[in-house]
Asks: 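Could you have a look at this structure, given as structure tokens, before my questions?
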Amino acid sequence: MADSPRRKRPHILHAHSTFDLGGKEARAVRLMNHWDGRLEHTILSAQPDAMGARAQINPAVECHFPADAPSLQGWPAPGRYGRLARYMARFDLVLTYNWGAMDAVMAHRIFSPLMRLPVLIHHEDGFNADEADGLKLKRNYFRRIALGSAHALVVPSTRLHDIARDVWYQRDAKVRLIPNGIDVTAYASPVAADAIPGLVRDPAKLLVGTLAGLRAVKNLPRLVRAIAPLKDRLQLVIVGEGPERDAIAQEASAHGVDLHLAGFMGEPWRFVGAFDIFALSSDSEQFPISLVEAMAAGLPVVSTDVGDVRAMVAQENRAFVVPRDDESALTQALLHLAENAALRTALGAANRQRAQADYAESNMIKCYENLYADALNMPF
């Protein structure tokens with residue numbers, strides 16, 4: 001009997017607002033690595049120099065970073081949208097991510113009735129600083145129109161689900177709520193004493209840590225100022241890179257805060273457990289993966305009340321999720337935890353239990369696999 005013909009691997013186009021290693025990029029890379037050789041990928045970034053997540057892709061994954069692809073940025077114009085549509089026609093599935101890739105979504109909307117374009121699935125993970133205080137009306141109208149031809153709109157948080165339905169007018173059947181997940185078991189092991197390179201721990205102080213891209217929307221100077229009244233008992237470690245690095249360092253110097261900027265570090269399960277308290281000070285979040293990582297590591301959390309943070313943490317920890325613009329409340333939450341070791345332990349245990357029960361990576365992967373396989377009309 002002759003061998004059956006080899007099935008062609010699906011080729012997926014990923015159009016990202018940026019491909020620096022943030023939450024959505026980390027998730028996309030984890031999915032790509034999980035499916036290893038079963039899929040072929042091409043990555044576009046609206047910011048071509050923002051490619052920090054590329055290094056985290058497993059070498060076994062076939063992935064392309066073309067230099068001659070149409071730009072995701074520029075004036076909305078039929079010619080430019082036509083070029084994007086013709087490029088998309090080469091692929092079996094198009095995945096777009098956040099506002100920075102919305103021109104690709106609009107190109108698909110305009111040209112899909114005229115061309116045989118692949119199925120498009122859009123992902124929205126949150127907003128930058130320019131929409132932290134309110135959504136832009138023109139962008140809302142643009143999304144309402146552009147998303148008309150999308151097969152699905154994927155969101156990780158209940159707040160984004162509500163926005164998709166009530167502001168962008170997307171049908172319930174199109175909006176898919178898939179919470180972010182991680183390998184929670186990897187965070188159960190103790191971390192090494194030197195897990196964070198360059199950190200010199202002060203034995204008289206607790207370690208407050210966070211993982212974040214150093215961008216304005218994360219408002220890390222707010223966290224520095226919240227720690228300043230407690231600088232004799234708290235050290236601060238920030239893991240991440242970005243354009244706000246100098247501003248954060250200057251804020252810490254001005255307030256005398258003991259700050260270690262660790263830069264980007266992969267494999268967070270190797271170091272998150274070194275923190276005594278995990279903190280978020282963002283102006284805007286939706287469903288931060290770093291929070292799930294901290295919970296899986298058994299940490300108590302202090303955070304601004306943004307996105308789904310309050311609903312994500314264990315019930316016992318919700319008193320330490322404070323109003324976004326109340327820096328004194330952030331300080332008081334840190335002080336309360338700093339003074340009570342037993343409380344820190346209890347909150348950390350409750351958070352770990354919540355992460356293990358609700359945020360397992362296997363559940364997330366299965367949801368994405370089912371969605372993408374349905375769009376491709378084939379298993380992979």
Asks: With sequence neighbours excluded, tell me which residues meet ring pair (Phe, Tyr, Trp, His ring centres under 6.0 Å) with Y81.
Replies: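 Testing Y81 for ring pair (Phe, Tyr, Trp, His ring centres under 6.0 Å), a comparison that skips the adjacent residues, returns none.
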
Asks: Can you tell me which residue pairs pass the side-chain hydrogen bond (donor to acceptor under 3.5 Å, both in side chains) test with a partner in residues 192-213, sequence neighbours excluded?
Replies: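 Residue pairs with at least one partner in residues 192-213: R201-D276.
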
Asks: Name all residues meeting the side chain to side chain contact (heavy atoms under 4.5 Å, CB included) criterion together with R318; count only those two or more places apart in sequence or in a different chain, and write none if there are none.
Replies: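 R318 satisfies side chain to side chain contact (heavy atoms under 4.5 Å, CB included) with R310, V313, Q315, R354 once adjacent residues are dropped.
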
Asks: Does any non-hydrogen side-chain atom of L291 lie less than 4.5 Å from one of S303?
Replies: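 No; the side chains remain at least 4.5 Å from each other.
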
Asks: Does R324 reach the main-chain N or O of D305 with its side chain, forming a donor-acceptor pair under 3.5 Å?
Replies: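 Not a single qualifying donor-acceptor pair exists.
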
Asks: Given the rule that I, L, V, M, F, W and Y join up when any side-chain heavy atoms are under 4.5 Å apart, are V61 and V29 in one cluster?
Replies: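 Yes.
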
Asks: Indicate yes or no: at least one non-hydrogen side-chain atom of E285 is less than 4.5 angstrom from one of K218.
Replies: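 Of all side-chain heavy-atom pairs linking K218 with E285, at least one is under 4.5 Å.
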
Asks: State plainly whether the residues R30 and E361 are in salt-bridge range, i.e. N to O under 4.0 Å.
Replies: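 Yes, charged N to carboxylate O under 4.0 Å.
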
Asks: Can you tell me how far the CG atom of L261 sits from the CD atom of E241, to the nearest 0.5 Å?
Replies: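 L261 atom CG to E241 atom CD measures 8.0 Å (nearest 0.5 Å).
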
Asks: side-chain hydrogen bond (donor to acceptor under 3.5 Å, both in side chains): which pairs involve residues 330-347, sequence neighbours left out?
Replies: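 side-chain hydrogen bond (donor to acceptor under 3.5 Å, both in side chains) check on residues 330-347 returns no pairs.
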
Asks: Working to the nearest 0.5 Å, report the span between CG of L13 and CG of L44.
Replies: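 The distance works out to 5.0 Å.
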
Asks: Which residues satisfy the ring pair (Phe, Tyr, Trp, His ring centres under 6.0 Å) test with H108, sequence neighbours excluded?
Replies: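 Expected list: none.
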
Asks: Please name all residues satisfying side chain to side chain contact (heavy atoms under 4.5 Å, CB included) with S17, sequence neighbours left out, ordered by chain then number.
Replies: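 Counting only residues at least two positions away or on another chain, S17 forms a side chain to side chain contact (heavy atoms under 4.5 Å, CB included) with K24, N98.
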
Asks: For R9 and G37, indicate whether the former's side chain and the latter's backbone hold a donor-acceptor pair under 3.5 Å.
Replies: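 Yes, the answer is positive, given that a donor and an acceptor are paired below the 3.5 Å cut-off.
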
Asks: May I ask you to test the L299-Y187 pair for a side-chain heavy-atom distance under 4.5 Å?
Replies: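 SC-SC contact between L299 and Y187 ruled out.
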
Asks: Check G74 against D103 and note the closest heavy-atom contact, atom names and distance.
Replies: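 In this case the closest contact between G74 and D103 is O-OD2, 3.6 Å.
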
Asks: Is it possible for you to say whether I145 and M115 belong to one hydrophobic cluster, with membership spreading through side-chain heavy-atom contacts below 4.5 Å?
Replies: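 They do share one cluster, since a chain of ILVMFWY contacts under 4.5 Å joins I145 to M115.
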
Asks: Filter on ring pair (Phe, Tyr, Trp, His ring centres under 6.0 Å), then keep only pairs touching residues 192-235, sequence neighbours left out; what's left?
Replies: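 Listed once each, the pairs would be none.
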
Asks: Are L334 and L343 in one and the same hydrophobic cluster, where Ile, Leu, Val, Met, Phe, Trp and Tyr link if side-chain heavy atoms are under 4.5 Å apart?
Replies: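 Same hydrophobic cluster.
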
Asks: If the condition is side chain to side chain contact (heavy atoms under 4.5 Å, CB included), which residues does T158 pass it with, not counting sequence neighbours?
Replies: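 Side chain to side chain contact (heavy atoms under 4.5 Å, CB included) check on T158 returns L177, D308.
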
Asks: Using 0.5 Å steps for rounding, measure from the NE2 atom of H123 to the CZ atom of R176.
Replies: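 Rounded to the nearest 0.5 Å, the NE2-CZ separation comes out at 11.0 Å.
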
Asks: Over all heavy atoms of both residues, which pair between A146 and M102 is shortest? Give the atoms and the distance, please.
Replies: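 Scanning both residues completely, I find the closest heavy atoms to be CB-SD, 3.8 Å.
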
Asks: Which atoms form the tightest heavy-atom contact between P78 and F111, and what is the distance?
Replies: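 Looking at all heavy atoms of both residues, the shortest contact is O-CZ, 3.8 Å.
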
Asks: Can a salt bridge be assigned to the pair D325 and R222 using a cut-off of 4.0 Å between side-chain N and carboxylate O?
Replies: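 R222 and D325: salt-bridged.
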
Asks: Test salt bridge (charged side-chain N to carboxylate O under 4.0 Å, His left out) on R139 and D130; report intermediate values, then the result.
Replies: CA-CA 12 Å; R139 292 186 185 182; D130 57 356; 3.0 Å; yes

Asks: Once you round to the nearest 0.5 Å, how far does OG1 of T304 lie from CG of N219?
Replies: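 Between T304 OG1 and N219 CG, I get 8.5 Å after rounding to 0.5 Å.
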
Asks: Dump the intermediate steps for side-chain hydrogen bond (donor to acceptor under 3.5 Å, both in side chains) on H64 and T42, then the final yes or no.
Replies: CA-CA 5 Å; H64 313 284; T42 290; 4.9 Å; no

Asks: Taking side chain as C-beta onward, heavy atoms only, is T18 less than 4.5 Å from E25?
Replies: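 A side-chain contact under 4.5 Å exists here.
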
Asks: Which atom pair, heavy atoms only, marks the closest approach of S284 to F127?
Replies: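 Looking at all heavy atoms of both residues, the closest pair is OG-O, 3.9 Å.
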
Asks: When you compare the side chain of D183 with that of W269, does any pair of heavy atoms fall below 4.5 Å?
Replies: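 A side-chain contact is absent here, since even the closest heavy-atom pair is not under 4.5 Å.
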
Asks: Decide yes or no for N351 and F278: does some side-chain heavy atom of the first lie under 4.5 Å from some side-chain heavy atom of the second?
Replies: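 No, side chains not in contact.
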
Asks: Give me each pair satisfying ring pair (Phe, Tyr, Trp, His ring centres under 6.0 Å) with a member in residues 130-151, each pair once, sequence neighbours excluded.
Replies: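 Residue pairs passing ring pair (Phe, Tyr, Trp, His ring centres under 6.0 Å), neighbours aside: W99-F142.
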
Asks: Under 3.5 Å, which donor-acceptor pairs do the side chains of residues 45-58 form with other protein atoms, sequence neighbours left out?
Replies:
{"unit_1": "S45", "atom_1": "OG", "unit_2": "Q47", "atom_2": "N", "d": "3.1"}
{"unit_1": "S45", "atom_1": "OG", "unit_2": "Q47", "atom_2": "O", "d": "2.7"}
{"unit_1": "N58", "atom_1": "OD1", "unit_2": "A60", "atom_2": "N", "d": "2.8"}

Asks: Test: side-chain hydrogen bond (donor to acceptor under 3.5 Å, both in side chains). Region: residues 227-240. Which pairs qualify, not counting sequence neighbours?
Replies: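 Non-adjacent pairs meeting side-chain hydrogen bond (donor to acceptor under 3.5 Å, both in side chains): Q235-D258.
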
Asks: So which heavy atom on A89 is nearest to which on P118, and how close?
Replies: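 Closest pair (atom of A89, atom of P118, distance): CA-CD, 4.0 Å.
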
Asks: Calculate, to the nearest 0.5 Å, the distance between atoms CD1 and CD1 belonging to I182 and I289 respectively.
Replies: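 The CD1 atom of I182 sits 8.5 Å away from the CD1 atom of I289.
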
Asks: Say whether, by atom type as modelled, one donor and one acceptor occur between the side chain of R38 and the main chain of H34 under 3.5 angstrom.
Replies: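 Such a contact is found between R38 side chain and H34 backbone.
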
Asks: Is there a path from V302 to L234 through hydrophobic residues (I, L, V, M, F, W, Y) whose side chains come within less than 4.5 Å of each other?
Replies: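 Yes, one cluster joins them.
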
Asks: Looking only at non-hydrogen atoms, find the nearest pair between A107 and M88 and report the distance.
Replies: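 Scanning both residues completely, I find the closest heavy atoms to be CB-CE, 3.8 Å.
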
Asks: Could you name each residue pair satisfying ring pair (Phe, Tyr, Trp, His ring centres under 6.0 Å) that touches residues 285-308, not counting sequence neighbours?
Replies: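 Those involving residues 285-308 are F287-Y359.
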
Asks: For D166, look at atom CG and say whether over 12 heavy atoms of other residues, nucleotides or ligands are found less than 6.0 Å away.
Replies: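 Count over threshold, so yes.
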
Asks: In the structure I gave you, are the side-chain heavy atoms of I43 and C63 within less than 4.5 Å of one another anywhere?
Replies: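 Result yes, sub-4.5 Å side-chain heavy-atom pair found.
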
Asks: At what distance, to the nearest 0.5 angstrom, does OG1 of T96 lie from NE2 of H14?
Replies: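 So the OG1 of T96 and the NE2 of H14 are separated by 11.0 Å.
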
Asks: Can you check whether F264 reaches V239 side chain to side chain, under 4.5 Å on heavy atoms?
Replies: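 No, every pair of side-chain atoms sits at 4.5 Å or beyond.
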
